[in-house]
Amino acid sequence: MTNPTADQRWVEVVVRVVPDDVDAVADAMREAGAEGISIEPAIQVDDNADFHYEELDEPSLVRATFPALAPGAPRRALRRRLDALALTAPLPRLRISEVGAHVWSEEWKRFYHVQHIGPRLVVRPTWEPYTPEPGQVVVELDPGTAFGTGQHETTRLCLIALEAEQHGPLEVLDVGTGSGILAIASALLGAREVRAIDNDPDTIAIAAENAAINGVADQIVFAAGSLPGAPEKGAPMIGTPILGWPWPERPPEACCDVLVANISSTVNIALLPAFARAIRPGGIVILSGFIARDADEVSDAARAVGLDPQRIEGEVEWRCLIARAPK
Amino acid sequence: MAKKVRAVVTLQIPAGAATPAPPVGTALGPHGINIMDFVKGYNEATKNLTGQIIPAKITIFEDRSFTFVTKTPPASDMLRRAAGIPKGSAKNLQTMVGSVTRAQIREIAQTKLPDLNTNDIDDAIRSIEGSARSMGIEIK
């Protein structure tokens with residue numbers, strides 16, 4: 001593929017193909033000169049506690065990009081080539097369209113704007129100018145390969161809870177930090193020190209970079225790791241090893257005044273005994289990443305380890321539990 | 001973090017040569033993910049594999065963050081390279097355009113095994129043989 005230029009044109013052929021035939025159709029498109037193929041299966045997101053998804057046995061969207069595919073003979077030749085395949089289901093009509101020059105690399109930015117979260121917190125994409133009002137705290141963040149862009153309800157619920165509950169120069173532990181957004185907000189809100197861990201070492205580098213962009217690299221320590229009790233099923237990718245606590249010289253017991261974990265009900269419930277040991281007397285535990293259906297279960301699990309659920313906040317289907325450790 | 005999936009997209013593109021142009025742009029643009037992040041990550045992950053088609057399976061989450069993993073090349077791409085032909089035959093079975101050995105078929109099947117719906121090497125070999133025949137590649 002070459003770099004796009006202003007006058008460049010492509011022809012895209014889009015067709016819905018049953019899963020068993022996808023490889024054969026993609027191969028035939030490539031044989032016919034396609035530079036690239038994209039395949040988007042129909043999926044169903046499991047409503048279980050960890051939100052796994054399944055690919056459905058329904059047609060996938062296959063999109064083939066040709067540098068040029070003139071009307072007439074070349075298109076008929078493509079159709080003949082596809083018709084010659086031994087497929088399990090007949091192919092529907094091809095949708096053929098010309099795609100003109102477009103700055104694709106900027107396309108995603110239209111989905112992402114300054115977000116006002118809570119009375120003080122603002123999340124700003126780096127390309128959008130914003131002049132903060134007095135007292136406002138601005139987190140600069142662009143979406144990338146780590147979860148936590150401020151666009152998700154659970155991230156917003158945790159940010160609002162941090163803003164409401166974190167007063168003074170406290171020590172904060174962020175479990176499952178992703179992009180680092182919660183740790184960064186916590187630092188900007190005045191935490192003395194934030195420690196942030198994630199089971200996925202790749203996200204740690206991204207989170208550290210985001211902290212540097214926000215000028216709070218000195219206040220946050222990031223490390224790949226977890227707390228004792230993390231279930232294998234809740235690892236960011238199935239099959240990734242479960243990491244241990246990354247700071248042996250500073251054990252996790254009574255290590256923080258505020259603990260925030262935006263993970264899932266399964267992982268939160270499994271880790272709650274460790275959370276209860278990590279939080280200092282009178283400290284606040286903020287948990288999200290679960291839906292309304294599982295909120296009672298998470299609350300009960302918090303109560304079972306001696307935490308005192310204060311309230312459950314919600315946005316759409318998502319919930320956030322704010323619990324306090326006894327003094 | 002609470003990662004709920006929005007969409008899954010597999011791109012079959014040349015290793016080390018992704019750009020924001022179609023199909024990357026047209027496939028990922030509507031999902032609102034940072035395309036340059038993907039392009040940089042993909043090209044870095046596949047820089048030593050240039051000349052091959054290396055699929056990337058991209059999982060896009062509800063908050064428009066994403067992850068991707070690279071897969072083994074499509075069987076047709078591996079067969080074409082093994083047979084040393086630039087393109088397969090349009091008229092399968094009637095026009096043989098090249099040939100591969102049984103050992104090459106086994107090697108391709110072995111490489112593809114992690115991405116196939118089977119753990120049985122014989123099933124995988126049969127599947128690769130079928131692809132070869134449909135491409136007009138003779139098995140010697």
Side-chain angles (χ1 to χ4, degrees), chain A residues 1-4 8 10 12 23-24 26-27 30-31 35-41 43 45 51-53 55 63-65 77 81 84-86 99 102-105 107-108 110-112 142-152 154-155 176-179 236-237 262-264 288-290 318, chain B residues 1-14 17-39 41 53 55-59 61-69 74-77 79-80 87-92 127 130-131 134-135:
Chain A
M1 276 182 277
T2 50
N3 281 315
Q8 199 160 356
W10 295 266
E12 280 209 334
D23 287 346
D27 288 349
R30 230 184 350 266
E31 298 283 314
E35 284 187 335
I37 314 269
S38 86
I39 299 157
E40 193 168 337
I43 60 164
V45 177
F51 309 113
H52 294 133
Y53 70 90
E55 292 186 11
R63 184 195 305 268
T65 304
R81 189 184 283 272
L85 298 172
V99 181
H102 187 86
V103 188
W104 296 103
S105 55
E107 172 78 4
W108 60 292
R110 71 189 169 89
F111 292 96
Y112 205 61
D142 295 340
T145 54
F147 190 94
T149 64
Q151 284 223 334
H152 200 260
T154 57
T155 312
T177 193
S179 67
M237 297 281 191
N262 183 15
I263 312 181
S264 68
S288 192
F290 50 89
W318 297 96
Chain B
M1 290 251 172
K3 298 200 273 194
K4 194 165 173 179
V5 172
R6 174 193 293 268
V8 177
V9 179
T10 298
L11 287 168
Q12 297 183 347
I13 48 177
T19 77
V24 177
T26 40
L28 302 184
H31 293 296
I33 71 165
N34 185 339
I35 288 175
M36 280 318 292
D37 251 26
F38 167 73
V39 165
I53 302 289
K57 186 172 187 174
I58 303 138
T59 307
F61 299 104
E62 274 194 332
D63 74 339
R64 304 185 196 284
S65 62
F66 68 96
T67 62
F68 74 92
V69 288
S76 60
D77 193 51
L79 283 163
R80 190 179 302 125
K87 292 278 171 191
S89 166
K91 295 178 182 129
N92 56 11
S127 154
S131 301
S134 71
M135 291 170 70

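Because the structure is predicted, anything quoted here is derived from the model rather than measured. All chains are named by letter (A, B, ...) in the order of the sequence lines, taking the proteins before the strands, and each is independently numbered beginning at 1.
- With respect to chain A, the highest number of heavy-atom pairs below 4.5 Å among B:Ile33, B:Val8, B:Ile53, B:Val5 belongs to B:Val8.
- Residue B:Asp37 touches chain A through its side chain alone, counting heavy-atom pairs closer than 4.5 Å.
- Note: B:Phe68 and B:Phe66 have parallel aromatic rings, judged against thresholds of 30 and 60 degrees for the angle between ring planes.
- Here the closest non-hydrogen pair linking A:Val99 and B:Pro22 is CG1-CG, 4.0 Å.
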So B:Arg64 and A:Phe111, side chain to side chain contact (heavy atoms under 4.5 Å, CB included) or not? Walk me through it.
CA-CA 9 Å; B:Arg64 304 185 196 284; A:Phe111 292 96; 3.4 Å; yes
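- Residue contact with chain A, scored on non-hydrogen atoms closer than 4.5 Å, involves the backbone of B:Pro30 exclusively.
- Heavy atoms closer than 4.5 Å to chain A are found nowhere in B:Ser131, neither backbone nor side chain.
- Qualifying salt bridge (Lys or Arg N to Asp or Glu O under 4.0 Å) partners for A:Asp27, counting only residues two or more places apart in sequence or in other chains: A:Arg30.
- Highest contact tally toward chain B, considering only A:Ala26, A:Ser38, A:Pro41, is held by A:Ser38 [criterion: heavy-atom pairs under 4.5 Å].
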Under the side chain to side chain contact (heavy atoms under 4.5 Å, CB included) rule, what do B:Leu11 and B:Leu28 come out as? Steps first, then yes or no, please.
CA-CA 10 Å; B:Leu11 287 168; B:Leu28 302 184; 4.1 Å; yes
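- The contact between A:Ile43 and chain B is made entirely by side chain atoms (from C-beta outward), counting heavy-atom distances below 4.5 Å.
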